[in-house]
Amino acid sequence: MQRNLSHLIFWTTLTILGVALLAPLWMVIRGGFFVGGEFTLKYLAGVFQNPIYAEGLLNSLMIAVGTTALVTLISVPLAWLSNRFDFPGKKWVSGLVLVPMILPPFVGAIGFQQILGQYGALNALLGLGPIDWLGRGRYFGVILLQALSLYPILYLNVAAALANIDPAMEESAANLGCPPLKRFFRITLPLTMPGLFAGGTIVFIWSFTELGTPLIMNYMRCAPVQVFDALKEIGSNPFPYALVSVMLSVSILLYAASKLLFGRKAFAMQSKAATAATSTSVRGIKALLVLLPFVAVIGVALLPHAGVILTSFSEPGSWYQSVLPAKYSPANYVEALGHSMTVSSIRNSLLYSSMAVLLNIVIGIAIAFVVVRSEIRARGVLDALAMLPLAVPGLVMAFGYLAISSQFSNSDWVKESPFWQSVFDVRVNPTLFLVIAYAVRRLPYMVRSAAAGLQQTSVTFEESAANLGAGPFTTLRRITLPLILANLIAGALLAFAFSMLEVSDSLMLAQRMDFYPITKTIYELFQLIGTGKYLASAMGVWAMGFLTVTIVGASLILGKRLGTLFRV
Amino acid sequence: MAVSVHIDKLNKAFGSTRAVDDVSLRIEPGELFFLLGPSGCGKTTLLRCVAGFCIPDSGSIRIGDADISNLAPHERDTGMVFQSYALWPHMTVSENVAFGLELRKISASERKRRVAEALEMVRMADRAHYKPNELSGGQQQRVALARALVIRPQCLLLDEPLSNLDAKLRLEMRSEIRRICKQAGLTAIYVTHDQKESLSIADRLAILDKGLIQQCGKPQEVYLRPNSRFVANFIGETNFLEGTVRSASDGRLEIGTPIGNVVSTVQPPQPLRAGDPVTLSLRPETIRVGRPQAGAANVFDGAIHDTMYLGEVAQHQVTIAQGGVELKVFELHPKFVARDEHVEKAKAWFEPEDVVVLTK
C-alpha cells in the first residue's frame with residue numbers, strides 16, 4: 001500500500017474512533033471527576049460511601065465473579081473433552097453447545113422464571129411446594145442465567161487454545177514420567193491460560209455490567225440497574241457518572257491485566273506441531289460418558305429458550321403451577337406482531353443495524369488494512385483502540401452517548417432548530433446515536449474478521465496487481481475484496497445479528513416509542529400487566545429465529561474459523 | 001548400565017495402511033541405532049510405539065529384561081527428543097530440564113546438580129534462566145536433548161531432532177549428539193530421513209519402506225552392499241542396469257546387459273544361475289572415465305556429453321557407445337572440466353568388486 005494513502009486512512013480512522021469511542025468515555029470520566037471544571041474525587045468517594053451504590057457495586061462484582069467461575073466450570077471440561085475425544089454425535093453437540101449465544105439472556109430470563117420460579121414447571125413436576133430455585137434475592141438466578149448464555153464464549157476460547165497446543169508438549173511430559181492428571185495441571189492448563197484468561201475477561205466484563213438480565217429478574221440492587229434508574233438525572237447528578245466510571249475502570253484494568261499477563265508472544269507455540277493432534281476415538285459406554293456432560297449442559301442451557309418458546313405459545317395465564325401450559329394458541333404472535341410498537345421496532349432495528357453494519361464494513365476494512373498491510377509504527381494503537389469496545393461495557397458506552405446527547409441538546413443552536421434536535425437529541429430521535437453505538441460496539445468482530453482474511457491472503461496478490469498497473473482502489477476492488485469476501489460476509493452477519501439484539505444501548509438511548517428497537521420493545525412488552533410476558537416471549541422467539549439464521553449463515557461461510565471472531 | 005531394546009513382531013495399522021509390518025529388531029546396549037526411510041515409511045510410528053504414544057496391534061517391546069508393551073508412556077522411562085523440541089513455553093530452561101527429575105522425586109540439591117551437569121553437557125549452562133522462545137533453534141534442540149538425558153533414561157529416542165535446523169548447524173549438532181550419547185553410554189534410537197545423518201554417526205541402521213525393514217546393518221554395509229533396488233536408490237545415488245546372468249562360477253558372475261557383458265565379484269543376495277534376471281547397481285563414484293589400467297575387466301567406450309561442476313566433484317553424464325545407455329559418473333578432484341575433443345570420447349570402466357547384483 002502506498003505510504004500517503006495508508007497515512008490518510010490511519011488518521012481518518014483514528015479520528016473516527018476518537019469521536020465515536022473515546023469522546024463518550026471522556027464524557028463519562030468528566031462527568032464523574034470534573035464538576036464545574038474542577039477535578040474532584042468527591043463523587044467517586046461518594047459512590048463508595050453511599051451504602052446503596054456500594055452495595056450495588058459489590059453485588060455486581062459478586063455476580064461477575066460467580067458467573068465467571070460457573071462459566072469456567074462449565075466450559076473447561078467441555079472444551080477438554082471435545083479436544084481429546086472423538087465420539088458419535090460430536091459434530092452435533094459441538095454445534096449445539098454454541099446455541100445459547102443466539103438469545104440475549106434477558107429474554108431467556110422470562111422463560112427461566114416460568115420453569116424455575118416459585119410457581120413454575122419444575123416445582124409442579126416434582127410436586128413440591130413453592131421452592132424458589134432462583135435463590136433469595138434472585139442472585140443465583142442471575143448468575144445461572146448469565147453463565148448459561150455466556151459459557152460459549154469461554155468454550156470457544158479454551159477450545160482454540162487447546163487445539164493450538166502442540167501434542168508433543170504433553171507427550172514429552174508423559175515421556176519424562178508425568179501421569180495424566182498431573183500432566184493436565186502442570187502442562188495443559190498453564191498453556192491454555194492465555195485463552196482461558198482472555199475469554200474469562202470478556203465473560204467477567206459482560207456479566208459485571210449486564211443490564212437486561214437483572215432488570216427482568218427484578219434484581220434491582222446492582223450497579224447497572226442503578227445506573228439505568230438514574231438516567232433521568234443525567235444532567236444534574238454526578239453520582240451516576242462516578243458509578244459508571246468505576247465500572248469502566250474495573251473493566252479496563254482487567255482487560256489490560258489480561259493483555260499484560262498473557263501477551264501473545266510469551267506463550268506462542270514455538271513451531272508448527274509435528275504430529276497432528278490425535279483425539280482418541282471412543283465408543284459404547286465410554287462414548288456415552290463423554291457425551292453426557294455435553295447433553296447435560298445443552299439441556300440446561302436450552303431451558304430458558306424452551307421456556308420462552310412455550311410461553312410464547314401458551315394462552316396468557318394458562319402456564320401457572322403446571323409442568324406445561326394448559327392451553328396453547330398462536331394468539332400471542334398475532335397480538336405481539338399487531339401491537340403498535342412491534343412492527344415499527346422490527347423496522348427500526350433493521351434500519352439501525354444495517355446502517356451500523358455498513359459503517360462497520362467500511363471502517364473495519366480500513367482499520368484492518370492499516371493494521372495488517374501498512375508499516376505505520378502506531379498501527380498497534382489503532383488495533384488496540386478497535387478492540388477496546390470488547391473491554392468497555394455496553395452500559396458505559398450508552399451512558400457516554402447519552403451524556404453527549406444531553407450536552408448537545410442543552411446548547412442553544414440545537415434547542416432552536418428542530419432539525420438539529422432530531423439529529424442530536426436522543427429524546428427526539430436516537431437514530432444517529434444508536435447507529436454509532438451499534439457500529440462501535442461490534443467493530444471488533446468486523447476488524448477481526450477482515451484482518452484474519454488479510455493475513456491469510458498473501459500480499460503478493462496485491463503486489464502483482466499493482467505491478468501490472470492497477471491503482472490502490474482497483475487492487476482493492478478487483479483483488480483484495482474478492483479474496484477476503486467470505487470473512488467480510490461472516491463478520492458483517494455477526495455484527496448485524498448482535499446489533500439486532502443489542503440490549504444496553506437500546507434500552508438507554510431509545511426513549512420514544514416510535515424509535516424503539518426490538519430489544520426495547522421486548523422489555524416494554526414485558527412490563528405490560530397481564531399478557532406482557534407472553535407477548536415479550538413471542539417477540540423473543542421471533543428474534544431467536546432471526547439470530548439463528550444469521551449465525552448459521554456465518555458458520556456455513558466461515559466453517560471452523562467462526563470461533564476466531566470471539567477471541568480477544 | 002546400558003540396556004538392549006528388543007522389538008518383536010511388531011504390527012501397527014492405520015485403517016488399511018500397514019504403518020509397521022511385522023518388524024523385529026534387536027538394538028544392542030549402548031548402540032546408536034538409526035531408523036531411516038522416506039516419509040510415511042513407518043519409522044516415526046515405530047519410534048512412537050517404543051515411547052508408548054502408539055499402541056501396536058500386536059507384538060512386543062522389551063527394554064532390558066522388562067516387557068514394556070503394556071505400560072503407559074509415563075511409566076516407560078525412555079527419554080524422547082521431539083521433532084518440534086516440545087519445550088514448554090511457560091517454564092524456563094532449567095525448569096524444563098528439572099521436570100523429569102521432579103517427577104522422579106529426586107531431592108532438590110541433587111536435582112540442581114544434575115540439571116547443571118546436563119546443561120553443561122549440551123553447553124547451555126549460561127542459558128539456564130532463559131525462556132525457550134528466547135533461544136535459537138539450535139539452542140532449543142540442545143535443551144530438548146538435556147531434558148531427555150537428565151533423567152538417565154533406559155533408552156534415548158530421537159525423532160528427526162535436526163530437521164528444523166539449518167544445514168550448518170545440522171552438521172555441528174549431529175556429531176554433538178553422537179558425542180553425548182557415547183559419553184553417557186546410552187542406547188539410542190534415532191529416526192531420520194536424512195541419509196547423511198545416519199551414515200555419518202550411526203552404529204547400525206535399518207532402512208524402512210511401507211512399514212517393512214528393507215535392510216539392517218552397519219552404514220558401510222548398507223551403502224556398499226545394498227540388498228535391493230529400493231535401498232540402493234534410497235541411500236546415495238546409483239546407476240541401474242538391467243541384465244541376465246550369462247555364467248556363474250565361484251564368486252564370479254558374468255552378466256549380459258545393454259552395454260555389453262559386465263563382470264561382478266560381489267556375492268549376490270541369493271545363489272544365481274545362468275538365465276536369471278538381475279539388476280546391477282553401480283555407484284557413480286565407482287565408475288572412472290579416462291585411460292583404464294591394463295587388464296581391467298569392465299571397460300566400455302563412451303562419450304561425456306554433459307558435465308556439471310560441483311567444486312570438489314564433477315558429475316559427468318557418460319553415454320556408452322553400445323546400447324546408448326547413460327551413466328552418471330562422479331569424478332573427485334575433477335580434471336576433465338576443461339573439456340576438449342580428446343576427453344569427450346572417453347572410456348568408462350569400473351572394478352568387478354563394485355558391481356552390486358540385485359534380484360529385487
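Every chain is numbered from 1 and lettered A, B, ... according to where its sequence line falls, protein lines coming before strand lines. Below, all heavy atoms of this structure are taken into account, side chains as well, without hydrogens, waters or symmetry copies.
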With side-chain contact (heavy atoms from CB on, under 4.5 Å) as the test, would you mind laying out the steps for B/His74 and A/Asn175 before giving the verdict?
-> CA-CA 5 Å; B/His74 65 272; A/Asn175 176 256; over 6 Å; no
Select one option (side chain, backbone, both, neither) describing which atoms of B/Glu160 are under 4.5 Å from chain A's heavy atoms.
-> neither
Highest number of heavy-atom pairs under 4.5 Å with chain A among B/Ser163, B/Ala148, B/Gly79, B/Ala72 belongs to B/Gly79
When heavy-atom pairs shorter than 4.5 Å are enumerated against chain A, which of B/Lys131, B/Arg76, B/Glu75, B/Arg147 gives the highest number?
-> B/Arg147
Would you indicate whether [X], at its atom [atom1], is surrounded by more than 12 heavy atoms from other residues, nucleotides or ligands within a distance under 6.0 Å?
X        : atom1 : result
A/Glu375 : CD    : no
B/Asp166 : CG    : yes
B/Tyr130 : OH    : no
A/Arg377 : CZ    : no
B/Lys210 : NZ    : no

For A/Met169, does its backbone N or O pair with a side-chain atom of B/Trp88 as donor and acceptor, under 3.5 Å?
-> yes
Donor-acceptor contact present, side-chain A/Asp166 to main-chain B/Ala86, <3.5 Å = no
Using the side-chain contact (heavy atoms from CB on, under 4.5 Å) rule, take A/Ser172 and B/Met80 through it: C-alpha gap first, then chi angles, then the decisive distance, then the call.
-> CA-CA 7 Å; A/Ser172 52; B/Met80 182 152 166; over 6 Å; no
Rounded to the nearest 0.5 angstrom, the CG-CG distance for A/Leu176 and B/Leu103 is 7.5 Å
Separation of B/Arg48 CZ from A/Glu171 CD (nearest 0.5 Å) = 4.0 Å
Could I get the full list of side chain to side chain donor-acceptor pair (under 3.5 Å) partners for B/Asp77, not counting sequence neighbours?
-> B/Arg104
Heavy-atom distance under 4.5 Å to chain B: side chain of A/Arg186, backbone, both or neither?
-> both
